[in-house]
Amino acid sequence: MSHELPKTYDPGAIEVRWAEYWVREKLFSVETPQPGSAEASPPIFTLLLPPPNVTGRLHMGHMLNQTEMDIIIRWRRMRGFLTLWLPGTDHAGIATQMMVERQLATEGKSRQQLGREAFVQRVWEWKKHYGGAIQAQMKRLGASVDWDREYFTMDENLSRAVIECFVRLHEEGLIYRGKYIVNWCPRCMTAISDLEVVHEDTLGKLYQIKYPLADDPKQFLIVATTRPETMLGDTAVAVNPKDKRYEKLVGKKLRLPLMDREIPIIADDFADPQFGSGAVKVTPAHDPNDFQIGLRHNLPQVNIMDEQARINENGGRYAGLDRYEAREKVLRDLEERGLLAGIKDHAHAIGKCDRCKTIVEPRLSTQWFVKIQPLADRAIAAVEKGEIKFTPENYAKTYFEWMRNIHDWCISRQLWWGHRIPAWHCDCGEITVARAAPAKCAKCGSAKLTQDADVLDTWFSSGLLPFTVFGWPEKTRDLDVFYPTTLLITGFDILFFWVARMIMLGCHFMAGHPQGSVPFQNVYIHALVRDADRQKMSKTKGNVIDPIEVTEKYGTDAVRFTLASMASPGTDIAFSEGRTEGYRAFANKIWNAARFMFMNLDRASGVRPGNAAAPGGLDRLEDRWIFSRFYRVAGEVNEALEAYRFDEAANSVYKFFWGEFCDWYLELIKPRLSAEGPEAAKALALLSRLFEGALRLLSPFMPFITEEVWQAMYEGQPPAKSIALVAYPQLEQKWLNDAAEEEMAVLQELIVNIRNMRAELKVEPKVKTPVKIHAEACVEKLVEENRGMLERLANVEKIEFVSESLAKVAGARTTPKFEAALVYERKVDVATERERLNRELTRAEAQFANLERQLANEQFLSKAPAHVVEGMRKQAAELKLLSEKIRRALENLG
RNA sequence: GGGCGGUUAGCUCAGCUGGUUAGAGCGCCUGCCUUACAAGCAGGAGGUCCACGGUUCGAGUCCGUGACCGCCCACCA
């Protein structure tokens with residue numbers, strides 16, 4: 001049987017095949033280990049996929065996120081952990097509702113026409129048809145999640161858990177209902193939380209308006225506002241109690257212009273004497289600060305707008321106008337009456353709806369809130385105590401910053417799609433919070449109860465996921481085994497939305513869990529993926545890179561490797577296709593190296609990977625060297641992944657495979673492979689064993705190509721169903737060989753110098769006669785001992801090592817370790833060589849002088865550590881020798 | 001208004017606790033179709049590490065100030 005690997009590497013062809021295989025064979029499905037099972041249970045590693053919106057399609061951020069998670073989880077799995085990576089999707093209240101409403105609009109319908117029940121039904125249908133896009137994409141990308149455990153946040157069991165949490169929080173007094181100023185989106189027509197408001201710096205106007213005194217209309221108090229239309233709802237003007245200017249006015253009345261109402265002048269600390277005139281208009285129903293003032297002074301709350309931010313009947317003749325139309329008219333009318341005292345440019349931040357960018361309206365309305373402080377306190381403590389570790393650590397600071405300034409969380413949404421609030425209203429005014437609809441009102445006994453119309457903020461349910469996915473509130477085995485999850489990998493954009501909420505809710509509901517209440521023990525926060533010009537990707541800019549597109553162009557492995565190699569903490573990733581092209585080349589390199597191996601395996605049947613020698617049996621330098629390198633790199637990669645340094649891990653393995661294994665080892669081993677007999681068989685065994693190890697090392701980063709090659713190596717009888725299920729290489733001391741690495745380094749340097757010499761001297765490459773090289777005494781022995789190994793290179797490079805030192809030397813390369821001279825009788829570019837040698841000499845002398853100066857410095861000698869001083873001394877000596885050698889070489893040039 | 005991050009080769013970025021000659025990929029230049037790979041091989045050029053000041057025997061690395069770029073948070077009209 002021979003190993004089939006097509007000549008050209010075509011990622012598309014192999015990736016789809018393995019992606020399907022992994023899913024079909026359920027390779028990443030996990031059975032919950034039962035207690036008391038005989039064999040020692042492996043360490044558990046649990047990872048929760050940040051659930052993408054059902055409406056979602058995969059974008060570059062997802063791909064980075066999933067690549068990182070997949071690398072970690074594949075690595076842990078290969079390291080012997082019982083790994084559970086749990087996938088799911090989020091019902092995404094507003095986003096999904098908007099999507100379906102848009103679809104309805106194309107049919108000329110509105111959700112109101114449909115009615116609530118039919119609309120929700122419609123959303124479910126929509127979900128069934130279009131909701132699976134992102135999972136399909138994930139499968140294509142090979143994410144090694146447990147698809148058998150996939151969840152949806154509106155699944156029945158999860159919904160039940162959400163209700164349970166709500167009811168319990170309410171019972172504990174941590175959820176309350178009240179009439180407050182909330183952020184209201186007049187387009188979505190729902191309340192939104194503080195986090196869903198994005199602030200945008202805008203250059204607006206500050207208007208100064210004259211409010212006449214009621215008993216003396218000739219006198220005015222000037223107030224300043226950015227929102228003149230809200231004056232229609234003013235119920236007071238406040239001045240600072242310490243403000244001498246207005247002392248006598250406090251308690252008097254003003255006549256509110258345009259509305260013809262009298263409002264009091266009150267004293268409140270909120271008024272800043274430094275700002276404007278020091279008097280501030282108070283609109284309790286349309287400004288959060290004014291709302292507070294209103295409460296302190298028992299002011300009426302006049303709501304002047306409807307849910308679409310149009311002026312309502314309380315706005316007198318402005319009723320029916322949109323808020324901005326009203327502003328214009330109010331300003332015109334004030335102007336007409338000579339009450340507009342001034343207009344100034346004014347920079348301020350304006351709040352917009354995160355979803356639709358409509359300017360948010362502070363609106364007085366009755367909503368449900370979570371009393372957040374007690375939850376936040378515990379969440380802060382958990383991170384302070386180190387029960388949760390952030391990487392990069394910096395994010396803990398951001399987290400604390402937010403947590404310590406947190407406000408109560410408005411969790412009710414005036415939407416139809418979502419978890420409906422488990423509260424029932426009776427006409428008598430009684431509200432009952434319960435797990436199921438009560439039969440009758442507890443207060444008046446009426447059976448006519450209606451469920452609260454609102455649904456919960458999407459983030460309320462996703463904040464519960466770390467325990468609800470494991471069956472909470474039941475006491476399940478899953479909860480015992482998999483909670484708390486080990487790691488969370490996510491972007492900083494949902495640090496507050498999701499991460500912080502999970503911590504608060506997890507700490508609360510899972511308090512007392514034997515393995516800790518926190519929802520996860522580690523959080524790794526990754527950066528943003530930007531375009532090649534470091535611009536944020538956005539649909540409007542049209543610079544969105546579709547991961548599926550680049551994947552189809554370069555292969556998933558190449559895209560994954562790009563993301564991993566660029567994922568250094570704290571820096572955003574500027575995704576450039578050039579880089580991906582480079583990593584496709586890397587995959588191609590792996591492919592061709594594999595073909596080379598297979599070519600040899602096919603020729604010498606019977607050799608299997610894995611039946612190679614022990615360290616002691618490596619009698620050749622290059623073998624000792626490459627094994628030592630392999631295990632050292634394995635150590636580096638493990639260490640890097642331990643610290644989430646995907647970039648370092650990827651780069652180490654890249655450099656090893658290409659720069660050492662392919663560039664050097666494969667070349668060195670060629671003559672042995674083409675030899676006959678046991679020598680070739682042994683070389684082949686070593687080669688295939690190394691290759692197999694390298695594939696395992698690479699597998700978490702490039703799961704597809706490594707699977708393809710690995711499976712091919714075993715001719716249909718692999719030792720496991722997948723490379724993903726075999727052990728990950730680790731540092732093994734017994735294979736490390738410092739001497740071999742040092743000796744090899746010298747030989748590599750020698751070869752590089754020879755090549756360099758030839759290139760610079762423009763020795764014709766096609767000469768049949770080898771160029772003679774004399775290596776100096778110190779490496780002569782090394783060269784002699786490894787003649788066989790160097791043969792291949794010598795042959796290709798057409799060089800020959802000679803022991804006799806020849807008089808006529810055309811070139812020389814000198815390093816601290818050796819001197820190599822090129823002995824060449826034919827024409828060489830003497831002038832160029834002289835120039836080069838002179839340059840070298842100047843540099844060596846300058847460096848030497850530098851070191852001399854340092855070494856003459858007593859301060860340095862007494863304070864610097866011995867090894868540094870020693871190193872410098874050695875180097876100085878070598879440089880001195882080097883200078884001499886170069887001078888001699890110059891003389892020899894003639 | 002508060003907080004955070006960045007500035008290193010033409011481009012995109014590494015550089016861990018300060019220590020001998022600051023690295024990689026891409027791009028560029030030169031030479032090679034050397035029977036695994038031209039998506040390749042070999043060689044090369046290219047950096048006053050944003051500026052100034054300080055600490056130190058020694059600073060890309062630590063401290064301070066400033067400049068520029070970016071991000072997050074924020075109920076002062």
Side-chain angles (χ1 to χ4, degrees), chain A residues 5 7-9 181 183 194-195 199 206 223-227 230 238 270-272 275-276 279-283 287-292 346 348-349 351 362 394-395 397-398 401-402 405 407 492-493 495-496 528 532-534 536 554 562 565-566 568 570-579 581-600 643 645 647-648 651 654-655 659 662-663 666-667 670 752 755-760 762 764-766 795-798 843 847 850-851 854 857-865 867-869 871-872 874-876:
Chain A
L5 220 50
K7 189 163 159 46
T8 37
Y9 165 59
I181 294 270
N183 304 296
D194 294 347
L195 278 178
H199 295 272
L206 187 67
V223 297
T225 180
T226 53
R227 304 199 53 203
T230 61
F270 175 79
D272 176 3
F275 191 95
V280 57
K281 65 195 262 320
V282 183
T283 323
D287 181 282
N289 289 309
D290 295 4
F291 176 76
Q292 292 301 332
H346 183 70
H348 62 134
N394 233 345
Y395 282 103
K397 265 168 100 175
T398 313
E401 186 75 16
W402 186 75
N405 297 298
H407 298 290
F492 62 80
D493 49 330
L495 182 59
F496 307 138
L528 214 65
D533 302 319
R534 312 202 94 266
K536 220 171 179 168
Y554 300 102
T562 308
S565 70
M566 296 187 82
S568 42
T571 321
D572 287 345
I573 294 175
F575 189 89
S576 69
E577 286 197 24
R579 197 78 185 241
E581 226 169 295
Y583 291 121
R584 180 187 54 182
F586 179 50
N588 188 54
K589 189 78 183 173
I590 299 171
W591 188 262
N592 282 294
R595 287 181 53 237
F596 172 74
M597 171 181 65
F598 288 146
M599 204 180 80
N600 286 286
R645 289 303 303 259
D647 56 331
E648 285 180 358
N651 291 332
Y654 175 94
K655 276 190 212 157
C662 288
D663 287 350
L666 290 188
E667 294 305 324
K670 275 176 183 175
V752 167
R755 287 170 179 163
N756 166 284
M757 222 183 316
R758 297 176 50 110
E760 291 240 336
K762 303 207 164 47
E764 310 94 281
K766 288 187 180 169
N795 189 33
V796 170
E797 310 276 342
K798 302 211 170 47
R843 216 176 70 183
Q847 237 180 79
N850 232 328
L851 288 172
Q854 277 258 35
N857 184 337
E858 297 213 0
Q859 298 262 43
F860 170 72
L861 292 179
S862 61
K863 289 190 178 168
H867 74 273
V868 173
V869 178
M872 278 197 187
K874 217 175 124 197
Q875 203 205 350

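In the text below, chain A, chain B and the rest are named by the order of the sequence lines, each starting its count at 1.
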If you restrict it to nitrogen or oxygen atoms, what contacts under 3.5 Å exist between nucleotides 72-75 of chain B and the protein, and what is each distance?
{"residue": "C75(B)", "atom": "O2'", "partner": "N289(A)", "partner atom": "ND2", "Å": "2.5"}
{"residue": "C75(B)", "atom": "O2", "partner": "N289(A)", "partner atom": "OD1", "Å": "2.1"}
{"residue": "C75(B)", "atom": "O2", "partner": "N289(A)", "partner atom": "ND2", "Å": "3.4"}

Same-atom distance (P) from A42(B) to C37(B), integer angstrom | 14 Å
Taking only side-chain nitrogens and oxygens of K397(A), does any of them come within less than 4.0 Å of OP1 or OP2 of C4(B)?
-> yes
Whole angstrom is fine here: how far is it from OH in Y654(A) over to C1' in A14(B)?
-> 14 Å
Using the C1' atom in both, what is the distance from A67(B) to C29(B), to the nearest Å?
-> 36 Å
Nearest-0.5 Å distance that lies between atom CG in N651(A) and atom CZ in R645(A) = 9.5 Å
Taken to the nearest whole Å, CG/N588(A) to C1'/A39(B) is 5 Å
Span that lies between the C1' atom of G47(B) and that of U8(B), in whole angstrom = 8 Å
Could you state the atom-to-atom distance from CG of L666(A) to C1' of G40(B) in whole Å?
-> 14 Å
Minimum side-chain heavy-atom gap E577(A)-Y554(A) below 4.5 Å = yes
Measure the shortest side-chain to side-chain distance between H407(A) and P288(A) over non-hydrogen atoms and say whether it is less than 4.5 angstrom.
-> no
How far, in whole Å, is G58(B) from G53(B) if one measures between their P atoms?
-> 16 Å
Look up atom NZ in K281(A) and atom CG in D290(A), then write down how far apart they are to the nearest 0.5 Å.
-> 6.5 Å
In whole angstroms, the gap separating P of C26(B) from NZ of K589(A) amounts to 12 Å
Interatomic spacing from CG in N592(A) to NZ in K7(A) - rounded to 0.5 Å | 7.0 Å
In whole angstroms, how far is the C1' atom of G23(B) from the CG atom of N651(A)?
-> 11 Å
Between R579(A) and N857(A), whichever has its closest RNA chain B nucleotide further toward 5' is R579(A)
Inter-nucleotide C1' distance (U21(B), G60(B)), Å rounded | 15 Å
Report yes if a side-chain nitrogen or oxygen of K7(A) is closer than 4.0 Å to either non-bridging phosphate oxygen (OP1 or OP2) of C37(B); otherwise report no.
-> yes
Bracket notation of RNA chain B in which parentheses pair within the strand, [ ] cross earlier pairs, and | pairs with another strand (Watson-Crick or G-U, under 3.5 Å) = (((((((..((((.....[...)))).(((((.......))))).....(((((..]....))))))))))))....
How many Å lie between CG on L861(A) and P on G58(B), as a whole number?
-> 13 Å
Could you tell me the separation between the CZ atom of F596(A) and the P atom of G40(B), rounded to a whole number of Å?
-> 18 Å
Atom CE of M566(A) and atom OH of Y583(A): how far apart are they, to the nearest 0.5 Å?
-> 8.0 Å
Given side chains that start at C-beta, do those of F860(A) and M872(A) come closer than 4.5 Å, heavy atoms only?
-> yes
Phosphate oxygens OP1/OP2 of U34(B): is one of them under 4.0 Å from a side-chain N or O of K670(A)?
-> no
A39(B) OP1/OP2 closer than 4.0 Å to side-chain N/O of N592(A) = no
Do nucleotides 15-20 of chain B as a string where each nucleotide becomes B, S or -: B if the base has a protein heavy atom under 4.0 Å, S if just the sugar-phosphate does, - if no protein is that close.
-> S---BB
So what does V752(A) touch, heavy atoms closer than 4.0 Å: a base, only the sugar-phosphate, or nothing?
-> sugar-phosphate
Mind checking the P distance from U30(B) to G46(B)? Whole angstroms is fine.
-> 16 Å
Sugar-phosphate, base or nothing in reach of D493(A), heavy atoms under 4.0 Å | nothing
To the side chain of Y9(A), which of G43(B), A36(B), A39(B) is closest?
-> A39(B)
Contact check, side chains of L861(A) and V869(A), non-hydrogen atoms, under 4.5 Å | yes
Nearest nucleotide by nearest heavy atom, which residue falls closer to the 5' end of RNA chain B, K655(A) or L206(A)?
-> K655(A)
Take atom P in C52(B) and the same atom in A14(B), then report the distance between them in whole Å.
-> 24 Å
P gap between U61(B) and G19(B), integer Å | 11 Å
Whole angstrom is fine here: how far is it from CZ in F575(A) over to P in C26(B)?
-> 15 Å
